[in-house]
Amino acid sequence: MIRIDNRYGTIEVSEEYFSYLIGHAASSCYGVAGMVRSGPRQGLRSILSRRSYVDDGIRVRSENDKLVVDLHISVIYGMNISAIAKSIVHKVRYTVEDATGLSVKKVNVFVDGMKPEQ
């Protein structure tokens with residue numbers, strides 16, 4: 001649960017909502033082959049169930065009433081990684097701020113793999 005206190009009160013938004021919102025925005029960007037599981041919790045869960053979850057490769061946390069988003073992605077081989085990362089940062093920031101009204105401090109994009117174009 002992401003909790004942010006402001007002058008009007010407390011805002012609580014579930015991590016599942018952010019994961020769905022961010023995952024959809026990031027995976028719809030051109031050149032993204034998919035999300036990559038990250039962290040011990042997601043790794044253990046993938047071993048036990050063998051299915052994909054909406055929060056694969058996404059971590060959202062709050063710092064000083066602003067959000068920090070970490071994304072682990074796989075890109076299509078031969079694409080410009082810098083352009084893909086910039087596109088993801090802009091789209092995720094806009095999507096989150098537009099949907100929730102919360103400020104995004106930083107979007108970190110980690111490219112963990114490449115896949116051939118299909």
Side-chain angles (χ1 to χ4, degrees):
M1 185 74 64
I2 303 294
R3 174 176 285 164
I4 296 179
D5 296 316
N6 62 20
R7 64 181 182 197
Y8 301 115
T10 302
I11 300 170
E12 292 182 354
V13 182
S14 70
E15 289 184 37
E16 291 82 17
Y17 174 73
F18 276 116
S19 296
Y20 176 77
L21 187 69
I22 293 167
H24 182 67
S27 57
S28 68
C29 289
Y30 184 73
V32 176
M35 306 302 288
V36 177
R37 293 178 184 98
S38 66
R41 188 180 112 223
Q42 290 181 1
L44 180 62
R45 187 176 60 189
S46 70
I47 291 171
L48 296 175
S49 69
R50 299 276 182 208
R51 50 180 267 224
S52 72
Y53 290 87
V54 72
D55 65 344
D56 283 348
I58 301 170
R59 181 170 176 237
V60 181
R61 61 189 186 279
S62 175
E63 288 182 6
N64 301 327
D65 295 337
K66 292 189 177 188
L67 299 175
V68 176
V69 179
D70 294 332
L71 296 170
H72 291 264
I73 63 166
S74 177
V75 297
I76 297 173
Y77 180 78
M79 301 297 295
N80 184 335
I81 296 173
S82 175
I84 294 169
K86 286 178 186 176
S87 173
I88 291 170
V89 168
H90 292 299
K91 185 157 189 176
V92 167
R93 177 169 289 164
Y94 173 78
T95 302
V96 170
E97 289 179 351
D98 186 50
T100 65
L102 302 173
S103 296
V104 177
K105 178 180 178 182
K106 189 187 302 186
V107 178
N108 300 313
V109 179
F110 301 96
V111 178
D112 292 342
M114 291 185 179
K115 293 185 179 177
E117 190 170 355
Q118 298 168 345

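From a predicted model like this one, the values you see are computed outputs, not experimental measurements.
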Check side chain to side chain donor-acceptor pair (under 3.5 Å) between Asn80 and all other residues, then give those that pass, not counting sequence neighbours.
-> none
To the nearest 0.5 Å, atom OG of Ser19 lies from atom NE2 of His24 at 14.0 Å
In short, Tyr77 meets Pro116 closest at the heavy-atom pair CB-CA, 4.3 Å
In chain order, what residues pass the salt bridge (Lys or Arg N to Asp or Glu O under 4.0 Å) check against Lys105, with sequence neighbours excluded?
-> Glu63
Name all pairs fulfilling the side-chain hydrogen bond (donor to acceptor under 3.5 Å, both in side chains) condition that reach into residues 81-103, sequence neighbours left out, sorted by first residue then second.
-> Ser28-Lys91
When rounded to the nearest 0.5 angstrom, what is the spacing between CD1 in Ile22 and CD1 in Ile88?
-> 12.0 Å
Of all residues at least two apart in sequence or in a different chain, which pass the side-chain contact (heavy atoms from CB on, under 4.5 Å) check with Ser27?
-> none
When rounded to the nearest 0.5 angstrom, what is the spacing between CG in Leu21 and CD1 in Ile58?
-> 9.0 Å
Who pairs with Phe110 by ring pair (Phe, Tyr, Trp, His ring centres under 6.0 Å), at least two apart in sequence or on another chain?
-> His72
hydrophobic_cluster_shared for Met79 and Val111, side chain cutoff 4.5 Å | yes
First locate atom NZ of Lys115, then atom CD1 of Ile76, and finally report the distance between them rounded to the nearest 0.5 Å.
-> 10.0 Å
side-chain contact (heavy atoms from CB on, under 4.5 Å) partner of Val89, chosen from Val104, Val69, Val109 = Val109
Where Ala26 and Leu71 come nearest, the two heavy atoms and their spacing | CB-CD1, 4.2 Å
Under the salt bridge (charged side-chain N to carboxylate O under 4.0 Å, His left out) rule, what pairs show up with a residue in residues 67-80, not counting sequence neighbours?
-> Arg59-Asp70, Arg61-Asp70
With hydrophobic residues grouped by side-chain heavy-atom distances under 4.5 Å, do Val68 and Val96 end up in a single group?
-> no
